[in-house]
Enquirer: 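Sharing a structure, written as structure tokens. Questions coming.
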Amino acid sequence: MGATAEPAGERESEGGGRRAEEEGREETSGGVELRDVERGQVGFRGGVAASYPDRTDYRASMLQRLDPMNPLRIAINGGTRVTTPPPAHAPINRSTPSPPSHASVPRSTPTPQVQSMTTLNSRNYTNKISLFLFLLHLVMAVGLVGYLVFKGIQGLIEAAEDVKRREKAVLKYFVPQVEVASFLSITLAFAWQKAVRVWPEFMVHFILWSTFLVSLSAGVLLLCFQTPPTDGVGVCFIAFAIGNGLYACWVSQRTHFCCIIFLKSLEPVIKFPDINRPIYVMLGAGFLWMSLWNLAIIGALNFYFPPLIILALVLSLAWVTEVMRNIANITVSRVIALYYLRGMQSSTQFCFQRALTYNLGSACLGSLFVPAIEALRIVARALNLLQGEDEFMFSCAHCCLRVMDFIFKHGNGWAFVQIAAYGKGFVKASQDTWELFVRQEMVSIVDSDITSSICFLTGVCSGSICVIVVAAWTVTVRGSFTATISLLGFFVGYLMTRIAMALPHACVGCYYVCYAENPENRLFDETIKNRLNMIKSEREVVVPTPRVPARFRSA
């Protein structure tokens, strides 16, 4: 990674210095053996420096501190080696003549490279307030779901006949479709992830256009049922499909670079065969929670204010599953980031435990703000298209863009890499990551990146497929439930797929952030550097996320 300092013993080019070094490698005096540790030979004992009082320097190298909690293998060329200067207590023989000035090479004391090493295994909990709020919400959600499941069972046994009839209908015609949607979405989630890892160049184009076709098909199917609820949902799907088609045409010039980034960033995954285990755990936990959640919907019908209770359950489910996705994101980010930054092959289980404990607060906070920030990116692009002479419109756009500029710098999805690697809080990690991008002039590249959009569209595509399946099933058994189950099936399919797509998303984030931290890393090629050169020479046109337009910067 970093260049290792050249040992002092190899800097003497003439005279007796080199001869003394060669003789000193195998010389034995009083049972003390001095050999080269870097080349895999025997180490030296503590009295080596004292046994050679007439030598002012000696060859010694060491590895930086190993992580006591993590059995790692460190790549020797990974930049973690440093040369230690001669000990201060070693005696110096003043009578030894110094080599001639013309035969000596100026020496410089190497600076040990300990960049952020002390923070790689931080034990501090991040974003404690958001962690407390999430845990409080989780306790309340578990209590509410448990109580509603009890109310549902009570209604099926002791309630009046009309209540029993309604709950039995929901249990028979509502729950099976949602469970099938959950199974189908998990299957689709692993299919998308595997396909992106194996055929990234093909899948980028396939996802863009298959999402357009599938969402359009789902909208047309719902319109064919000719009921007001299904017509409303169908129009929403068709409108999204049109927007998706326009977006696919707009980003067609950026798909080639997106394919390259997916290909390069997914290369380290093969070195960690167990890296998918956190994904399995999160999807299993998500499926169990959704099953209980479905039963709680039945109990909500037999409780006060059913619409408000169901809305609260939906929002809670969204936050919990988003936290699950970001836990998987942080786990994969730590594994891949330590590989890039330190050459470590760390334990996936250990990284998963850190994500569930020390970094959980940042995952909770990011789960609230990152989706909103990504939505603001779309709003920012729309505001930048405002044209005309209306000063009021320009003033509104100016104010909104100022706010968005502040938000982008203090909260972004790239922050999860530094949260995972260094244990920083969400806001601090966002600021430091953005400063790295600015320092390396990578803002134009990350602004025009579409990998997050690709991962988002895979969720939309899975959700649309679930809509087609459950809507066609429900309309044949209970037509009045079609619109509700279609929306719920889309919601479940989207959430499950996003959890699985956390792996490629995290790999891309690590590729950008770790490159910005150390562009000279031997694990990176010229991909980003060539892209930057093409952008600077205007051979490549990018459309970045607008911050503050040039006409307002002087204000």
Enquirer: Would you compute the distance between atom CD1 of I468 and atom CG of L221 and round it to the nearest 0.5 angstrom?
Expert: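 One finds 6.5 Å between CD1 of I468 and CG of L221.
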Enquirer: Would the distance check show the side chain of R334 and the main-chain N or O of A421 forming a donor-acceptor pair, the cut-off being under 3.5 Å?
Expert: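 Judged by distance alone, yes, a pair lies under 3.5 Å.
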Enquirer: Answer whether the closest heavy-atom distance between the side chains of F262 and Y511 falls below 4.5 Å.
Expert: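 No. Closest side-chain heavy atoms not under 4.5 Å.
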Enquirer: Does a side chain donor of either Q349 or D274 reach within less than 3.5 Å of an acceptor in the other side chain?
Expert: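 Q349 vs D274: no donor-acceptor pair found between side chains.
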Enquirer: Please examine the side chains of L360 and V323, heavy atoms only from C-beta on, and report whether any two atoms are closer than 4.5 Å.
Expert: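 SC-SC contact between V323 and L360 confirmed.
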Enquirer: Would you say the side-chain atoms of R478 pair up with the backbone N or O of A169, donor to acceptor, closer than 3.5 Å?
Expert: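 No, the answer is negative, given that no donor and acceptor are paired below the 3.5 Å cut-off.
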Enquirer: Scan residues 301-323 for pairs that pass ring-ring contact (aromatic ring centres under 6.0 Å, His included), counting only residues two or more places apart or in two chains.
Expert: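 Non-adjacent pairs meeting ring-ring contact (aromatic ring centres under 6.0 Å, His included): F134-W319, H137-W319, Y147-F303.
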Enquirer: Rounded to the nearest 0.5 Å, how far does OG1 of T126 lie from NZ of K428?
Expert: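 Answer rounded to 0.5 Å: 14.5 Å.
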Enquirer: To the nearest 0.5 angstrom, please state how far the CG atom of L365 sits from the CG atom of L131.
Expert: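 Going from the CG atom of L365 to the CG atom of L131 covers 11.0 Å.
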Enquirer: Could you check if a side-chain atom of V513 sits within less than 4.5 angstrom of a side-chain atom of F437, using non-hydrogen atoms only?
Expert: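 V513 reaches F437 side chain to side chain.
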Enquirer: What ring-ring contact (aromatic ring centres under 6.0 Å, His included) pairs are there with at least one residue in residues 475-510, not counting sequence neighbours?
Expert: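 For residues 475-510: F237-F490, F456-Y494.
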Enquirer: Any non-hydrogen side-chain atom of M282 less than 4.5 Å from a side-chain atom of I327?
Expert: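 A side-chain contact under 4.5 Å exists here.
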Enquirer: State whether the side chain of T482 and the backbone N or O of G479 hold a donor-acceptor pair below 3.5 Å, judged by distance alone.
Expert: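 Present.
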Enquirer: A side-chain contact here means heavy atoms from C-beta on lying under 4.5 Å apart; do M203 and W192 qualify?
Expert: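 Counting from C-beta outward, M203 and W192 do come under 4.5 Å.
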Enquirer: Whether the Y339 and S346 side chains hold a donor-acceptor pair (N or O, under 3.5 Å, no angle test) is what I'd like checked.
Expert: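 No - no donor-acceptor pair under 3.5 Å links their side chains.
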Enquirer: Can you list every pair that meets side-chain hydrogen bond (donor to acceptor under 3.5 Å, both in side chains) and has a residue in residues 173-186, with sequence neighbours left out?
Expert: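 Output for this query lists Q177-T474, E179-S291, E179-N294.
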Enquirer: Can any side-chain N or O of S130 pair as donor or acceptor with the backbone N or O of G361 at less than 3.5 Å?
Expert: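 Between the backbone of G361 and the side chain of S130 there is a qualifying donor-acceptor contact (under 3.5 Å).
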Enquirer: Which residue pairs satisfy the side-chain hydrogen bond (donor to acceptor under 3.5 Å, both in side chains) criterion with at least one member in residues 201-219, sequence neighbours excluded?
Expert: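 Applying side-chain hydrogen bond (donor to acceptor under 3.5 Å, both in side chains) to every pair that reaches into residues 201-219, excluding sequence neighbours, yields H205-T255.
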Enquirer: I'd like to know if the side chain of T476 and the backbone of W473 have a donor-acceptor N/O pair within less than 3.5 Å.
Expert: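 Answer holds: yes.
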Enquirer: State whether W199 and R197 meet the cation-pi test: NZ (Lys) or CZ (Arg) under 6.0 Å from the six-membered ring centroid, and within 45° of the perpendicular axis.
Expert: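 Judged by the rule, R197 and W199 form no cation-pi pair.
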Enquirer: May I have all residue pairs that pass ring-ring contact (aromatic ring centres under 6.0 Å, His included) and include part of residues 276-300, sequence neighbours excluded?
Expert: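 Listed once each, the pairs are F183-F287, F190-Y280.
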Enquirer: Test your reading of the model: is there a side-chain donor-acceptor pair from K409 to the backbone of Q431, 3.5 Å cut-off?
Expert: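 No, because the side chain of K409 does not come within donor-acceptor range (under 3.5 Å) of the backbone of Q431.
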Enquirer: Can you tell if the side chain of L144 reaches within under 4.5 Å of the side chain of L313, non-hydrogen atoms only?
Expert: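 They are in contact (side-chain heavy atoms under 4.5 Å apart), so the answer is yes.
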Enquirer: When you measure from the side chain of R354 to the backbone N and O of S122, does any donor-acceptor pair fall under 3.5 Å?
Expert: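 It does hold such a pair.
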Enquirer: Could you please spell out the steps behind the side chain to side chain contact (heavy atoms under 4.5 Å, CB included) verdict for I450 and Y247?
Expert: CA-CA 11 Å; I450 63 171; Y247 177 78; 3.6 Å; yes
Enquirer: Starting from the C-alpha separation in whole Å, work towards a yes-or-no answer on side chain to side chain contact (heavy atoms under 4.5 Å, CB included) for V281 and F352.
Expert: CA-CA 10 Å; V281 173; F352 184 48; 4.0 Å; yes
Enquirer: Could you check if a side-chain atom of Y358 sits within less than 4.5 angstrom of a side-chain atom of N124, using non-hydrogen atoms only?
Expert: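 They are not in side-chain contact.
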Enquirer: Against I454, only a single residue in V508, V204, V251, V196 fulfils side-chain contact (heavy atoms from CB on, under 4.5 Å); can you say which?
Expert: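 So, applying the side-chain contact (heavy atoms from CB on, under 4.5 Å) to I454 and each of V508, V204, V251, V196, only V204 qualifies.
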Enquirer: Are the side chains of F426 and V370 in contact, using a 4.5 Å heavy-atom criterion?
Expert: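 SC-SC contact between V370 and F426 confirmed.
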Enquirer: Do D449 and Y512 have side-chain atoms, one donor and one acceptor, less than 3.5 Å apart?
Expert: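 Distance-only check passes for D449 and Y512.
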Enquirer: Show, in sequence, the C-alpha distance, side-chain angles and deciding distance for L266 and V269, and conclude whether the side chain to side chain contact (heavy atoms under 4.5 Å, CB included) test is met.
Expert: CA-CA 6 Å; L266 290 170; V269 173; 4.1 Å; yes
Enquirer: According to salt bridge (Lys or Arg N to Asp or Glu O under 4.0 Å), who are the partners of E167, at least two apart in sequence or on a separate chain?
Expert: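 If we apply the salt bridge (Lys or Arg N to Asp or Glu O under 4.0 Å) test to E167, skipping adjacent residues, there are no hits.
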Enquirer: Could you go through the side-chain hydrogen bond (donor to acceptor under 3.5 Å, both in side chains) check for W414 and S430 one step at a time?
Expert: CA-CA 7 Å; W414 311 106; S430 300; over 6 Å; no
Enquirer: Decide yes or no on side chain to side chain contact (heavy atoms under 4.5 Å, CB included) for T230 and V475, but give the supporting numbers first.
Expert: CA-CA 10 Å; T230 57; V475 76; over 6 Å; no
Enquirer: Output yes when a side-chain donor or acceptor of S316 lies under 3.5 Å from a complementary backbone atom of A312, and no otherwise.
Expert: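 Absent.
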